[in-house]
**Q** 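Mind having a look at this structure? Questions to follow.
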Amino acid sequence: MQIQTKAVNGVLTLSLDEKRLDSKLAVGFKDKVGELIASGNRLIVFNLSAVDFIDSSGIGCLVTCLKLMGPKGKITIWGLKPPVESMFKLTRMDRVFTLCSTEEQALQAVNS
Amino acid sequence: MQIQTKAVNGVLTLSLDEKRLDSKLAVGFKDKVGELIASGNRLIVFNLSAVDFIDSSGIGCLVTCLKLMGPKGKITIWGLKPPVESMFKLTRMDRVFTLCSTEEQALQAVNS
Amino acid sequence: MNQVSLTIDSRPENVPLVGACAKEIAGQSFSIDKLSEIEQALVETVNNCIEHAYCGSEDRQITIKYALSKDRLFVEITDQGKGLDPQCLKKLTAELDYNPSDIDCLPEGGFGLNVINSCMDEVNYRREDGKNHWSLTKFVVPLT
Amino acid sequence: MNQVSLTIDSRPENVPLVGACAKEIAGQSFSIDKLSEIEQALVETVNNCIEHAYCGSEDRQITIKYALSKDRLFVEITDQGKGLDPQCLKKLTAELDYNPSDIDCLPEGGFGLNVINSCMDEVNYRREDGKNHWSLTKFVVPLT
Ligand SMILES: Nc1ncnc2c1ncn2[C@@H]1O[C@H](COP(=O)(O)OP(=O)(O)O)[C@@H](O)[C@H]1O
Ligand SMILES: Nc1ncnc2c1ncn2[C@@H]1O[C@H](COP(=O)(O)OP(=O)(O)O)[C@@H](O)[C@H]1O
């Protein structure tokens, strides 16, 4: 799995370098992000701008990450292509994650 | 079939707006270009920059066009993507058609 | 009518192919948005076959039959795995009803059937000859 | 090994699918150039099945079996059309020998088998049970 990580001022920025966040990627994704959460990260900004397709197990992964972080955790997501954004809406997860258009907005939202 | 035509100073410029020049397109292509040749065109510059894939019937179409024009006919072609250029080489048709990188070169070559 | 049949080993890496074929076959008949919905429904259906009917075994087969006619794309997905508890079919049309603020109780799964149903115009399941058959239909001009 | 089987109606509009599937299946194992060669060979082979074995009938079937292993992609293409004159197989390896300046005599076809052979590492044809079987192999690390 290709993922780029960067930590700035207590915010972890994750850029997923994959076209699909699906059942094939799910386990590796949970392991990798799970580690980063175990090491103390609680504010995450996901860049999904490379992702053309997400399935329900991909959505499930993001929920797992949120739960792993506990009550202090927050995830904002930016760069959603139309089919990816649709999946957040269909699963009603657009009410759980803050979806943003730009990295700037996502950074602002995760800190607010 | 999507094809744009332009005639300037006795040179017919044809831009094929299709991703594939293959057996499905072949008949329509020969009919259309055949008409343009029947109406007197003898110098043709083909823009294939939209074409990702050509098969041997696509190559065959271009040969048919050349033959239809007779001894005064000339075809230059530009904008070949790597797989398309490979097919001209594999069929040795790079010796028959003048292959160019730019429209400018193709216009120059057809007039020379 | 144009018919295409695809048989894949039940491996997650083969799932993208199922959507890619649908887009190739039906690309001229549907908008990009509708094609994405079709892809989404097919992926969720095949994921379920792998995960639930085959319990993750990677050496079983799944057959996907595509039939494109003027007015619809019909897709039938068949596996030879274990059958579905008919109760589960309620999930096709059930509301996804959870409290978005109650993080501990957020669902990490259970969206698949709901998504399939939302993305297609008709969804049917039948068990026949020891096989599971999922029939998915998308109309070129959707029913109103 | 990963195996996928595709059956299409013998229509020119289905031919792109055959190449697209190969690229999906073998995309991780080959360079873009090699994938283009595979696509080219498959398209030419299926075109020939439609044009020659089925004489252009659009309601017959062609089956394409893909098998990807660590060291190779093996593809078998099967039709139930008329058999091939064995003399034609010489065209697989014959030089394309024509005079590029003699416009009137330029070939407008007859490249297909030559292209198939150039693009793949192994090409075999056999007639069995009233069917034509074309076997095409591309090695991940080509033989030297
Ligand atoms: N193809 C299938 N074969 C057997 N059982 C299935 C199949 N699809 C779904 N199910 C059952 O229906 C339930 C709900 O499925 P779904 O909505 O896709 O969510 P999830 O797969 O995340 O559990 C599954 O947990 C499973 O018990
Ligand atoms: N799949 C096939 N079935 C039957 N005959 C074939 C098949 N492929 C090729 N042939 C025969 O071999 C000849 C050469 O084929 P090919 O090199 O592909 O050129 P083309 O198809 O342009 O004639 C064909 O004209 C045909 O007679």
Side-chain angles (χ1 to χ4, degrees), chain A residues 1 18-31 33-34 37 42-44 48 50-77 80-99, chain C residues 8-20 22-23 30-52 54 56 58 91-92 94-120:
Chain A
M1 193 192 46
E18 300 275 351
K19 294 203 164 181
R20 303 175 71 92
L21 176 47
D22 61 6
S23 64
K24 191 186 156 210
L25 214 68
V27 176
F29 184 88
K30 280 191 210 173
D31 286 353
V33 184
I37 290 169
R42 289 297 173 267
L43 301 177
I44 300 182
L48 294 187
V51 177
D52 293 328
F53 182 85
I54 191 168
D55 68 8
S56 63
S57 51
I59 297 277
C61 283
L62 294 167
V63 177
T64 305
C65 295
L66 196 59
K67 288 175 142 186
L68 285 174
M69 290 197 291
K72 286 192 176 156
K74 191 159 181 188
I75 295 178
T76 64
I77 308 175
L80 296 94
K81 295 191 179 172
V84 178
E85 188 168 359
S86 289
M87 268 300 274
F88 280 89
K89 289 185 178 158
L90 277 179
T91 57
R92 312 200 64 191
M93 285 294 166
D94 56 336
R95 303 172 306 165
V96 173
F97 301 99
T98 310
L99 308 181
Chain C
I8 58 167
D9 287 350
S10 52
R11 304 153 74 115
E13 70 197 78
N14 285 334
V15 175
L17 184 59
V18 177
K23 288 179 160 178
F30 294 94
S31 66
I32 291 179
D33 288 355
K34 301 270 170 208
L35 289 171
S36 292
E37 290 172 357
I38 293 167
E39 176 180 29
Q40 197 79 51
L42 296 185
V43 166
E44 301 289 343
T45 306
V46 174
N47 276 346
N48 277 348
C49 295
I50 295 175
E51 190 185 333
H52 302 302
Y54 287 145
E58 303 209 332
K91 289 209 154 198
L92 282 168
E95 280 273 311
L96 289 179
D97 194 17
Y98 59 85
N99 179 354
S101 315
D102 184 358
I103 304 294
D104 281 341
C105 294
L106 287 179
E108 291 170 61
F111 310 115
L113 291 174
N114 192 286
V115 166
I116 295 165
N117 192 63
S118 302
C119 288
M120 301 301 286

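Residue numbers start from 1 in every chain, and the chains themselves are labelled A, B, ... in the order their sequence lines are given, proteins ahead of strands. Since the model is a prediction, treat every value here as computed from it, not as a measurement. Just so it is clear, the values below take in all heavy atoms, side chains as well, and ignore hydrogens, waters and symmetry mates.
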**Q** Would you mind reporting whether Val43(C) and Asp22(A) have side-chain heavy atoms less than 4.5 Å apart?
**A**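 No, side chains not in contact.
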
**Q** Assess whether a salt bridge exists between Glu51(C) and Lys24(A), defined as any Lys/Arg side-chain N lying under 4.0 Å from an Asp/Glu carboxylate O.
**A**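 Salt bridge absent between Glu51(C) and Lys24(A).
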
**Q** State whether the side chain of Glu37(C) and the backbone N or O of Pro83(A) hold a donor-acceptor pair below 3.5 Å, judged by distance alone.
**A**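 Answer holds: no.
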
**Q** Looking at Pro71(A), Gly60(A), Ser56(A), which makes the most heavy-atom pairs under 4.5 Å with chain C?
**A**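 The residue among Pro71(A), Gly60(A), Ser56(A) with the greatest pair count is Ser56(A).
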
**Q** Rounded to the nearest 0.5 Å, what separation is found between the CE atom of Met87(A) and the OG atom of Ser36(C)?
**A**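 The CE atom of Met87(A) sits 11.5 Å away from the OG atom of Ser36(C).
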
**Q** My understanding is that only residues two or more places apart in sequence, or in another chain, count here; which of them pass side-chain contact (heavy atoms from CB on, under 4.5 Å) with Ser31(C)?
**A**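 side-chain contact (heavy atoms from CB on, under 4.5 Å) list for Ser31(C), sorted by chain: Asp33(C), Lys34(C).
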
**Q** When rounded to the nearest 0.5 angstrom, what is the spacing between CD in Glu108(C) and NZ in Lys30(A)?
**A**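 Interatomic distance, Glu108(C) CD to Lys30(A) NZ, rounded to 0.5 Å: 6.0 Å.
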
**Q** In terms of heavy-atom pairs under 4.5 Å with chain A, which of Ser118(C), Pro100(C), Pro12(C) leads?
**A**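 Heavy-atom pairs under 4.5 Å are most numerous for Pro100(C).
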
**Q** With a 4.5 angstrom heavy-atom cut-off, could you sort out which part of Glu44(C) is near chain A: side chain, backbone, both or neither?
**A**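 Contact with chain A is through the side chain of Glu44(C) alone.
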
**Q** Output the option from Leu66(A), Thr91(A), Ile59(A), Leu90(A) having the highest count of non-hydrogen pairs under 4.5 Å with chain C.
**A**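 Top count of heavy-atom pairs under 4.5 Å with chain C: Thr91(A).
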
**Q** Are Arg92(A) and Phe111(C) in a cation-pi setup, meaning NZ or CZ lies under 6.0 angstrom from the ring centre and within 45 degrees of the ring axis?
**A**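 Judged by the rule, Arg92(A) and Phe111(C) form no cation-pi pair.
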
**Q** Side chain, backbone, both or neither: which part of Pro82(A) has a heavy atom under 4.5 Å from chain C?
**A**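 Pro82(A) has no heavy atom closer than 4.5 Å to chain C.
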
**Q** Using the side-chain hydrogen bond (donor to acceptor under 3.5 Å, both in side chains) criterion, which residues pair with Asp52(A)? Sequence neighbours excluded.
**A**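 Asp52(A) satisfies side-chain hydrogen bond (donor to acceptor under 3.5 Å, both in side chains) with Lys81(A) once adjacent residues are dropped.
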
**Q** Side-chain contact test, heavy atoms from C-beta onward, threshold under 4.5 Å: evaluate it for Asp104(C) versus Lys67(A) and give yes or no.
**A**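 No, side chains not in contact.
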
